[in-house]
2 protein chains.
Amino acid sequence: MAKTHKAIHTPGLEGALDRLEHLCRARGQRLTRQRRAVLSSLLSAGRALSAYELLERLRPEDGKSTPASVYRSLDFLMTLGVVHRLESTRSFIACEHPETPHWVQFLICRRCGQVVEAEDERIAAATESLGQRLGFALDQRVVELTGVCEGCRGSAARH
Amino acid sequence: MAKTHKAIHTPGLEGALDRLEHLCRARGQRLTRQRRAVLSSLLSAGRALSAYELLERLRPEDGKSTPASVYRSLDFLMTLGVVHRLESTRSFIACEHPETPHWVQFLICRRCGQVVEAEDERIAAATESLGQRLGFALDQRVVELTGVCEGCRGSAARH
DNA sequence: GAGTATTTGATACAAAGTATCATTAACCAG
DNA sequence: CTGGTTAATGATACTTTGTATCAAATACTC
């Protein structure tokens, strides 16, 4: 059977949860039901979600989630590097390649909401070098580039 | 008399307000008391302010400012390019060099809150090229680098 | 399987940002 | 410099986003 239909089983979900377990174990942190649920939910959403959108998706499964608990889980997953926050849209997204510690950039389509995570050497080098030149010891880099993706420019010519 | 005391008259404030007037005139937009007040206040603050901090500073002078009106003025000033929003701290700052249309980067000291506005060619080129490579027509670039500035690293050794 | 420290649940609240519509004031014309 | 027009503001209420606190629950170690 050809893979013409959208996969029902989110690809990589299992792998990501395994990775989460290993990360927790390695760092002596607890892997709780909620943390697993938050990551799964973000992964299966396949896009960035606001904390409250995430909350709505968790509620059916786990009626006792609250804003505070969702934010706590998100903070935790961010320290592990398996979730990122998009500052310019106040939303959260599962990391696409959490294997390596990394500085990433995001490209966000303002039409369809698609988010692409990139790991560009030139940008990494240029930002680091700017920091040094200005005397900053950088520990966080937000690079979020918004525009219109190829697909959206092609299809909806002018709208 | 030596200039040992902090200037009471914010340097460049007049110039900035003149520039604002010219920009409005050139674009057929109205220059209102509130818009002037918001820009002055940001300029004399000399640092990034949240919309509500700004509101508090406006109140003594103009008791009828509201959150909505402040946000409206900020949005307006941003379209003119004389004010920028810092996404990662949810705050606003007067632009340091609004002469040229520009893509800027910000370096933010997490210790003292200092914000430096930069206009780095390499970063501009690298982000543009990344956008092209991934098929994005970029129209907004958020580059916010957080760390500890030279002064703060020097003084408070470890705290 | 029990002990313990960490997380969570529940509640309440703080901060950030927006919608609507009647009123006001900036700018232009004369 | 006076009035007319249109854009901006004021007032009000509300939505969204994020946090504080503390008792109850649960993940992990032994």
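Note that this is a predicted model, so its numbers are computed, not measured. So you know, we letter chains A, B, ... as the sequences are listed, proteins then strands, and number each from 1.
Whole-Å rounding puts the B/Glu87 CD to C/dG17 P distance at 9 Å. The CG atom of A/Leu80 sits 11 Å away from the P atom of C/dT7 (whole-angstrom rounding). One atom, CD of B/Glu56, and another, C1' of C/dA16, lie 13 Å apart when rounded to the nearest Å. Protein atom CZ of A/Arg35 is 12 Å distant from nucleotide atom C1' of D/dT26, rounded to whole Å. In this entry the distance linking CD of B/Gln29 with C1' of D/dA7 reads 10 Å, nearest Å. Rounded to whole angstrom, the span from the CG atom of A/Asp62 across to the C1' atom of C/dT7 amounts to 13 Å. Here C/dC27 presents its P atom at 13 Å from NE2 of B/His22, a figure rounded to the nearest Å. With rounding to whole Å, B/Leu31 atom CG is found 10 Å from D/dT9 atom P.
Side chain of A/Ser73 to main chain of A/Ser69: a donor-acceptor pair is present (N/O by atom type, distance under 3.5 Å, no hydrogens or angles). Without hydrogens or angle criteria, B/Arg153 side chain to A/Gly135 main chain gives a donor-acceptor distance under 3.5 Å.
A/Ser73 has no side-chain polar atom (N or O) that falls below the 4.0 Å cut-off from OP1 or OP2 of C/dT7. Taking side-chain N and O atoms only, B/Gln34 has a distance below 4.0 Å to OP1 or OP2 of D/dG10. For C/dT8, neither phosphate oxygen OP1 nor OP2 lies less than 4.0 angstrom from any side-chain nitrogen or oxygen of A/Ser69. Dashed line: the shortest gap from a side-chain N or O of B/Thr32 to OP1 or OP2 of C/dA26 is not under 4.0 Å.
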Starting at the 5' end of nucleotides 15-20 of chain D, put B wherever the base has a protein heavy atom under 4.0 Å, S where only the sugar-phosphate does, and a dash everywhere else.
--BBBB
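Aromatic rings from B/Phe106 and B/His84 are positioned such that their centres are separated by under 6.0 Å.
A cation-pi contact, defined as under 6.0 Å to the ring centre and within 45° of the axis, links A/Arg35 to A/Phe76.
A salt bridge is absent between A/Glu21 and A/Arg36: the closest approach of a Lys/Arg side-chain nitrogen to an acidic carboxylate oxygen does not fall below 4.0 angstrom. With salt bridges taken as basic N to acidic carboxylate O contacts below 4.0 Å, one links B/Arg141 and B/Glu128.
Map A/Lys64 and B/Arg25 each onto its nearest nucleotide of DNA chain C; the residue landing nearer the 5' end is A/Lys64.
Nearest heavy-atom pair across A/Arg59 and A/Thr66 is NH2-CA, 4.1 Å.
Side-chain atoms of A/Arg30 come within donor-acceptor range of the base of C/dT6, with a qualifying N/O pair under 3.5 Å.
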